[in-house]
Engineer: 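Sharing a structure here in structure tokens format.
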Amino acid sequence: MGFVDLHTHSCFSDGTFTPGELVDYAIEKGLNAVALTDHDTVDGLDALMEYAKGKPIEVIPGIEYSTEYNQRDVHIVGLFIDHRTPVFLEYLTRFKQSRTDRNHKLCANLRGAGIDITYEALLEANPGAVITRAHYAAYLFDKGYVKSRNEAFERYLGDNTPYFVHREKVTPEEVIGVTLEAGGIPILAHPTLYRLGHEQLEVLVRRLKAAGLMGIECFYSTYSPAEEKQMKALAEKFNLLPSGGSDFHGANKPGLDLASGYGKLYVPDGILECLKKALRTKILFTDLDDTLLNAQKTISAHTRDKIMEMLTKGNHLVLASGRSVNSILDVLEVLNIQNDDTKGKIYMAAYNGAVLYDCTNGSVIEQYDVPIPTAQAIFDMALEKGIHIQTYTDTHIISCAEDEELLFYKKAIRSPYRVGTNLEKELAHAPFKLLAIDMNDRSRLEELRREVEASEFAKDITCAFSNNYYLEFYNKKAGKGNALINLCSAVRVHIKNSVAVGDEENDITMIDAAAVGVCMANGRPLVKAHADYITQNDNNHDGIVEIIDRFVLK
């Protein structure tokens, strides 16, 4: 097994090696791959990529962002970034200007303390570098103002000195978003250095995971065996990709070497393969009725074969529907696309994303319910207007009446039902969705939606049509768009590899959230307006095959 180093610096920030020297040294050290992650700059990446052409090593474009969390520095490493992406360049331009303004203010403060220093002098002494406090410390030491670099921080450069100027407040969430948009993998760097304590570190990781964090450094030069074990446990608990590196700076960190850190670091190249897998695996989110399923509520042999090909090649399928978990499992049985031999997995986003479920091992990933008092209030609003409404237990439909709407619904859904309107009595736990049905007059459903959206609990509830007759209510944290974001994070697939297809209003958030949003040819005009692509074939003529060929297997 080989080894890699996924956290290094060059002279373009506060290291001493040029990108070319870094490549040569990495080869000398026997590394299979090295990532350049300079502080808040990508200026050295083009030189790195050009110099490494034809050499026996893989180089990975990266960056290390400086952010603020609860008045602490927190660093995020971005790997595999496309550093020419417009959104990324826009962010860096703004951040560089903020850093320049801060440096001018810090120099002015130091001059007020009797130190002869200008920002221009720092730039002249460190050509091409991003000026950091390490450069100030070196300047003060070289000019004789301090006896050591540590003294420079203690007297002039530390966070609590009267001369320090805080940077623009950039949050970890912001740079995680920028990294994802640039096609990169955001990784929490060296978490033990933040001295947060176990509980507070978990709070941070949970928060950043919700923002799209994909990895955490499990290997680092200063980790003790216990700390490395703790970081691996955090990665497993939050389903994060392990990463790591030396944080090599050349002569600016004496004793810390590339690849081996302080002598005991070893980053296996298997973690690089896991990172790359997250970048190449595709994930297809598809609505069921009138999208994946044809008018007979099944799929053609051609569509089935194409789905199996997609899964066999390691890509994932997500059935995103307003249906219950049991109903979607019934559909899977009919479709006969479960196969233990496939590399890809099948998931579901049931109840419009209120329940995320791993169909392969039969486990719930995440779920969001509607509190029973809120559900009862919506039930009562519908009943006052004479509108059919129903909700669900784990096994049954709970219908307000045995009426024509229920019988119509039962034509497609095989779940058993009970009649009842007292939800406290009928439900063992809070429901995941409510469904109002009107077969004749959509305007009555629209009136009900307006009333719910004007209610005191509207901030917690989403109302959306799933077809012309069905109005659905579910937790605002649910929805197919949130399901796409949350599931990509949960299964460690980069959101840039997500494809979503639907035909109805409740599919719009999913289509908007995906890297590629598709509307079926038979979809509503409103949905088509949100789509990146509209299929030529409808759901009765293998429209899904068209999508898989064009966006998943391409």
Engineer: Please lay out, stage by stage, how F95 and V170 fare under the test side chain to side chain contact (heavy atoms under 4.5 Å, CB included).
Structural biologist: CA-CA 9 Å; F95 191 84; V170 177; 3.5 Å; yes
Engineer: Starting at CD of E50, measure out to CG of L45 and round the result to the nearest 0.5 Å.
Structural biologist: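 The CG atom of L45 is 13.0 Å from CD of E50, to the nearest 0.5 Å.
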Engineer: Can you tell me how far the SG atom of C11 sits from the CG atom of D38, to the nearest 0.5 Å?
Structural biologist: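 It comes to 8.0 Å.
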Engineer: So, does N352 use its side chain to make a donor-acceptor pair with the main chain of G479 at under 3.5 Å?
Structural biologist: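 No, the answer is negative, given that no donor and acceptor are paired below the 3.5 Å cut-off.
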Engineer: Above 12 or not: heavy atoms from other molecules or residues under 6.0 Å from NZ of K229?
Structural biologist: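 No.
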Engineer: Please tell me if the side chains of K480 and Y474 come closer than 4.5 Å, counting only heavy atoms from C-beta onward.
Structural biologist: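 No, side chains not in contact.
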Engineer: Could you pull out all residues at least two apart from S489 that satisfy side chain to side chain contact (heavy atoms under 4.5 Å, CB included)?
Structural biologist: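 Listed in chain order: K209.
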Engineer: Using a strict cut-off of less than 4.0 Å between a Lys/Arg side-chain nitrogen and an Asp/Glu carboxylate oxygen, indicate whether D82 and K496 qualify as a salt bridge.
Structural biologist: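 K496 and D82: not salt-bridged.
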Engineer: Would you please test I81 and F88 for side chain to side chain contact (heavy atoms under 4.5 Å, CB included) and show each step?
Structural biologist: CA-CA 9 Å; I81 55 170; F88 187 76; 3.6 Å; yes
Engineer: Report yes if some heavy atom in the side chain of V518 is under 4.5 Å from a heavy atom in the side chain of D532; otherwise report no.
Structural biologist: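 V518 vs D532: side chains apart.
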Engineer: Quick check for you: to the nearest 0.5 Å, what is the distance between T192 atom OG1 and E227 atom CD?
Structural biologist: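 Those atoms lie 4.5 Å apart.
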Engineer: Regarding H75 and E217, do their side chains bring together a donor and an acceptor under 3.5 Å, going by distance alone?
Structural biologist: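 On atom types as modelled, these side chains do not qualify, holding no pair under 3.5 Å.
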Engineer: Answer yes or no: are there more than 12 heavy-atom neighbours, outside K264 itself, under 6.0 Å from its atom NZ?
Structural biologist: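 Not buried by this count: 12 neighbours or fewer within 6.0 Å.
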Engineer: At what distance, to the nearest 0.5 angstrom, does CZ of R133 lie from CZ of F153?
Structural biologist: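 Those atoms lie 6.0 Å apart.
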Engineer: So do V42 and L92 actually touch side chain to side chain, heavy atoms under 4.5 Å?
Structural biologist: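 In short, these two side chains touch, coming nearer than 4.5 Å.
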Engineer: Using 30° and 60° as the class limits, which term best fits the ring planes of F248 and F17: parallel, tilted or perpendicular?
Structural biologist: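 Perpendicular.
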Engineer: Cut-off 3.5 Å, side chains only: do D40 and S66 have a donor facing an acceptor?
Structural biologist: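 There is such a pair (donor and acceptor under 3.5 Å, judged by atom type) between the side chains of D40 and S66.
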Engineer: Side chains of N252 and H9: do they bring a donor and an acceptor to under 3.5 Å?
Structural biologist: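 H9 and N252 do not have a side-chain donor-acceptor pair below 3.5 Å.
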Engineer: Under 4.0 Å between a side-chain nitrogen and a carboxylate oxygen: does that hold for D116 and R111?
Structural biologist: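 Salt bridge absent between D116 and R111.
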Engineer: Between the side chains of Y51 and D24, is a donor N or O closer than 3.5 angstrom to an acceptor N or O?
Structural biologist: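 On atom types as modelled, these side chains qualify, holding a pair under 3.5 Å.
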Engineer: Is any side-chain heavy atom of T222 closer than 4.5 Å to a side-chain heavy atom of L193?
Structural biologist: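 With C-beta onward as the side chain, the pair touches.
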Engineer: Is the closest basic N to carboxylate O distance between R155 and E151 below 4.0 Å?
Structural biologist: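 Looking at E151 together with R155, the answer is yes, because their closest N to O distance falls below 4.0 Å.
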Engineer: Treating T67 as the side-chain partner and T171 as the backbone partner, does any N or O pair qualify as donor plus acceptor under 3.5 Å?
Structural biologist: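 No, because the side chain of T67 does not come within donor-acceptor range (under 3.5 Å) of the backbone of T171.
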Engineer: Would you call E90-R94 a salt bridge at under 4.0 Å N-O?
Structural biologist: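 No, this pair does not count.
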Engineer: Show the nearest heavy-atom pair for residues V4 and P268, with the distance to one decimal.
Structural biologist: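 In terms of heavy atoms, the two residues are closest at CG2-O, 3.9 Å.
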Engineer: For D5 and S246, indicate whether the former's side chain and the latter's backbone hold a donor-acceptor pair under 3.5 Å.
Structural biologist: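 Answer holds: yes.
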Engineer: Might you point out which heavy atoms bring A464 and N506 nearest each other, and give the distance in Å?
Structural biologist: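 Heavy-atom minimum between the residues: CB-CB, 4.1 Å.
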Engineer: Is the shortest distance from a Lys or Arg side-chain nitrogen in R149 or E154 to a carboxylate oxygen in the other one below 4.0 Å?
Structural biologist: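 Result for this pair is no, no salt bridge flagged.
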Engineer: Could you tell me whether K143 atom NZ has more than 12 heavy atoms of other residues or ligands within 6.0 Å of it?
Structural biologist: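 For K143, atom NZ is not crowded (no more than 12 foreign heavy atoms under 6.0 Å).
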Engineer: Assess the side chains of N150 and S148: does a donor N or O sit below 3.5 Å from an acceptor N or O?
Structural biologist: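 No, S148 and N150 have no side-chain donor paired with an acceptor closer than 3.5 Å.
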Engineer: Give a yes or no on whether E202 atom CD has more than 12 heavy-atom contacts from other residues, nucleotides or ligands under 6.0 Å away.
Structural biologist: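 Yes, CD of E202 has more than 12 neighbouring heavy atoms, counting only those of other groups under 6.0 Å.
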Engineer: Assess the residue pair L240 and L213 against the criterion (side chain to side chain contact (heavy atoms under 4.5 Å, CB included)); give the C-alpha distance rounded to whole Å, side-chain angles, the decisive distance to 0.1 Å, and a yes or no.
Structural biologist: CA-CA 8 Å; L240 292 167; L213 185 74; 4.1 Å; yes
Engineer: Specify whether Y347 and H316 have parallel, tilted or perpendicular ring planes, treating 30° as the upper limit for parallel and 60° as the lower limit for perpendicular.
Structural biologist: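 Answer is perpendicular, since the angle exceeds 60°.
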Engineer: Can you see which heavy atom on N497 is nearest to which on A278, and at what distance?
Structural biologist: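 Smallest heavy-atom distance, with atoms named: ND2-O, 3.7 Å.
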Engineer: Would you mind reporting whether L208 and I176 have side-chain heavy atoms less than 4.5 Å apart?
Structural biologist: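 Side chain of I176 against side chain of L208, heavy atoms only: contact under 4.5 Å found.
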Engineer: So, S498 side chain and A514 main chain: donor-acceptor pair closer than 3.5 Å or not?
Structural biologist: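 A pair under 3.5 Å: no.
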Engineer: Would the number of heavy atoms belonging to other residues, nucleotides or ligands and lying under 6.0 Å from CD of E456 be above 12?
Structural biologist: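 Not more than 12 within 6.0 Å, no.
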Engineer: Calculate, to the nearest 0.5 Å, the distance between atoms CE and CD1 belonging to M348 and I365 respectively.
Structural biologist: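 One finds 10.0 Å between CE of M348 and CD1 of I365.
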Engineer: Just so I know, are the side chains of V516 and R550 near enough to count as touching, which here means a heavy-atom distance under 4.5 Å?
Structural biologist: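 No, their side chains stay 4.5 Å or more apart.
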Engineer: Using a strict threshold of under 4.0 Å (side-chain N to carboxylate O), is an ion pair present between K29 and D257?
Structural biologist: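 Yes, D257 and K29 are salt-bridged.
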Engineer: Looking only at heavy atoms, which two atoms of F432 and A354 are closest? And how far apart?
Structural biologist: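 Closest approach of F432 to A354, heavy atoms only: O-CB, 3.6 Å.
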Engineer: Got a donor-acceptor contact below 3.5 angstrom from the N361 side chain to the S363 backbone?
Structural biologist: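 Looks like yes, one N/O pair under 3.5 Å.
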Engineer: With a 3.5 Å cut-off and no angle check, do the side chains of N103 and Y136 form a donor-acceptor pair?
Structural biologist: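 Result is yes, a qualifying pair exists.
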Engineer: Distance check, rounded to the nearest 0.5 Å: L31 atom CG versus L258 atom CG?
Structural biologist: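 Reported to 0.5 Å precision, the distance equals 5.0 Å.
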Engineer: Verify whether one side chain among H135 and D14 offers a donor that lies under 3.5 Å from an acceptor in the other.
Structural biologist: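 D14 and H135 do not have a side-chain donor-acceptor pair below 3.5 Å.
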Engineer: Before giving the answer on side chain to side chain contact (heavy atoms under 4.5 Å, CB included), spell out for L122 and C107 the whole-Å C-alpha distance, their side-chain angles and the decisive distance to 0.1 Å.
Structural biologist: CA-CA 10 Å; L122 285 169; C107 285; 4.0 Å; yes
Engineer: State, yes or no, whether a side-chain contact exists between K343 and L311 at a heavy-atom distance under 4.5 Å.
Structural biologist: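 No - every pair of side-chain heavy atoms lies 4.5 Å or more apart.
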Engineer: With a 3.5 Å distance limit and no angle check, can you tell me whether T37 reaches the backbone of T8 through a side-chain donor-acceptor pair?
Structural biologist: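 Yes, T37 side chain to T8 backbone: donor-acceptor pair under 3.5 Å.
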Engineer: For a quick test of reading the model, state the closest non-hydrogen atom pair linking S243 to L6 and the distance between them.
Structural biologist: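 Nearest heavy atoms, S243 then L6: OG-CD1, 3.7 Å.
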Engineer: Got a salt bridge between K477 and D369, using NZ or NE/NH1/NH2 to carboxylate O under 4.0 Å?
Structural biologist: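 Not counted as a salt bridge, because no side-chain N and carboxylate O are separated by less than 4.0 Å.
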Engineer: Within a 6.0 Å radius of atom CD on E199, are there more than 12 heavy atoms belonging to other residues, nucleotides or ligands?
Structural biologist: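 Count not over threshold, so no.
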Engineer: Once the angle between the rings of H7 and Y220 is folded into 0 to 90°, is it parallel (under 30°), tilted (30 to 60°) or perpendicular (over 60°)?
Structural biologist: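 Taking Y220 first and then H7, their aromatic rings sit tilted (interplane angle of 30° to 60°).
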Engineer: Not counting sequence neighbours, which residues clear salt bridge (charged side-chain N to carboxylate O under 4.0 Å, His left out) with K459? List them please.
Structural biologist: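 With sequence neighbours excluded, K459 shows a salt bridge (charged side-chain N to carboxylate O under 4.0 Å, His left out) to no residue whatsoever.
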Engineer: Side chains of T179 and Y65: donor-acceptor distance under 3.5 Å anywhere?
Structural biologist: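 T179 vs Y65: donor-acceptor pair found between side chains.
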Engineer: Looking only at non-hydrogen atoms, find the nearest pair between F164 and G158 and report the distance.
Structural biologist: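 So the minimum-distance heavy-atom pair works out to CB-O, 3.2 Å.
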Engineer: Which residue pairs satisfy the ring-ring contact (aromatic ring centres under 6.0 Å, His included) criterion with at least one member in residues 111-133, sequence neighbours excluded?
Structural biologist: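 Passing the test, one end in residues 111-133: H104-Y119.
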Engineer: Do V146 and Y139 have side chains that approach each other closer than 4.5 Å (heavy atoms only, starting at C-beta)?
Structural biologist: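 No; the side chains remain at least 4.5 Å from each other.
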Engineer: Looking at K345, I want to see if its NZ is surrounded by more than 12 non-hydrogen atoms of other residues, nucleotides or ligands under 6.0 Å.
Structural biologist: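 Above 12, so yes.
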Engineer: Give the C-alpha distance, both sets of side-chain angles, the deciding distance and a yes or no for salt bridge (Lys or Arg N to Asp or Glu O under 4.0 Å) between K232 and E236.
Structural biologist: CA-CA 6 Å; K232 289 178 179 177; E236 184 174 353; over 6 Å; no
